[in-house]
> 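One structure coming up, written as structure tokens, with questions to follow.
Throughout, residue positions are numbered sequentially from 1 according to the sequence presented. All values reported here derive from a predicted model rather than from experimental measurement.
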Amino acid sequence: MMSYKFALDELNTKIDILKQEFQYMHEYNPIEHVKSRLKSPESILKKLNKKGLEISFSSIKENIKDIAGIRITCSFLSDIYEIAEMLQKQQDIKVVSVKDYIKNPKENGYKSLHLILQIPVFMSDRVEDVGVEVQIRTIAMDFWASLEHKIYYKYNGKVPETLVNELKTAAYTANSLDRKMEAIHKEMALIKETNSNEDQLKIDENNIIPSDLLKNLSIRLNGITKE
């Protein structure tokens, strides 16, 4: 359990660095929330029993891939794939599997992008590759998944058919909202780019001086002239 905790700490640090870098480079933060958790030993044993697997350390490492888990919540659909790509480009991270439940939703309407990543954990006497499951989803997807989990927990897995149908309808509504917000996001980016281009001053056919830089130079030159 200690090695899985260290893997979570390592990956959380990487995510925080990527988030800060993205904010610095693009003046925009694609990550709304990050939540991590470790399965309890009881939960791990229960899952082994349910699958009819051997109860041993080797069996756990080979068969249970979600002992350590991180959930990243984004504002927009495009953010999901942006973050997933940034994580997969990390040189010391190995991508074990990718399951895209956004392009291929589960039958109940569930949507999320799942990555199983292997993170190297440097111990005093060895380097251990530890698996971490990363789920990346929008706020709307996360809200739906949280509601669905609570309903199935309340009914102990035996949910009335009417509620199952209502959940599917809610999943379609959440998907529609995500697509509308993505369209607004793209339109805002286009407006920002257009305004940025208009905010530049042309000095000849080939050269452009940004107006902010020109203003800064003018202030400095005025200061030199006064001195």
> Between the side chains of Y152 and N108, does any donor sit under 3.5 Å from an acceptor?
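No, no side-chain donor-acceptor pair sits under 3.5 Å.
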> Evaluate the side-chain contact (heavy atoms from CB on, under 4.5 Å) criterion for residues D66 and R37: first the C-alpha distance (whole Å), next the side-chain angles of each, then the deciding distance (0.1 Å), finally the verdict.
CA-CA 10 Å; D66 62 344; R37 64 104 183 97; 4.0 Å; yes
> Are V132 and M2 joined in one hydrophobic group, where the rule is that I, L, V, M, F, W and Y side chains link up if heavy atoms are under 4.5 Å apart?
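Yes, V132 connects to M2 through the hydrophobic network.
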> Within 45° of the ring axis of Y110 and under 6.0 Å from its six-membered ring centre, is that where the NZ or CZ of K106 lies?
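Because its charged atom sits under 6.0 Å from the ring centre and within 45° of the axis, K106 does stack over Y110.
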> Could you walk me through whether N175 and K111 satisfy the side-chain hydrogen bond (donor to acceptor under 3.5 Å, both in side chains) test, starting with their C-alpha distance in whole Å, then the side-chain angles of each, then the deciding distance to 0.1 Å, before giving a yes or no?
CA-CA 9 Å; N175 179 57; K111 284 191 169 189; 2.7 Å; yes
> When you measure from the centre of the six-membered ring of F143, is the NZ or CZ of K150 under 6.0 Å away and within 45° of the axis?
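No; the conditions do not both hold, so K150 does not lie above the ring face of F143.
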> Keeping to residues at least two apart or across chains, list the ring pair (Phe, Tyr, Trp, His ring centres under 6.0 Å) pairs with something in residues 165-189.
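Matches after skipping sequence neighbours: Y28-H185, F76-H185.
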> Can you establish whether the number of heavy atoms outside H26 located under 6.0 Å from its atom NE2 is more than 12?
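Atom NE2 in H26 is crowded, with more than 12 foreign heavy atoms closer than 6.0 Å.
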> With distance as the sole test, does N12 use its side chain to make a donor-acceptor pair with the main-chain N or O of L8 at under 3.5 Å?
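Yes.
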> Classify the side-chain pair E32/S75 by whether it contains a donor and acceptor separated by less than 3.5 Å.
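Indeed, the side chains of E32 and S75 share at least one donor-acceptor pair under 3.5 Å.
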> In chain order, what residues pass the side-chain contact (heavy atoms from CB on, under 4.5 Å) check against K94, with sequence neighbours excluded?
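With neighbours one apart ignored, the set is Q118.
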> Would you kindly confirm whether F22 and I139 end up in one hydrophobic cluster when ILVMFWY residues are joined by side chain heavy atoms under 4.5 Å apart?
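Cluster IDs for F22 and I139 differ.
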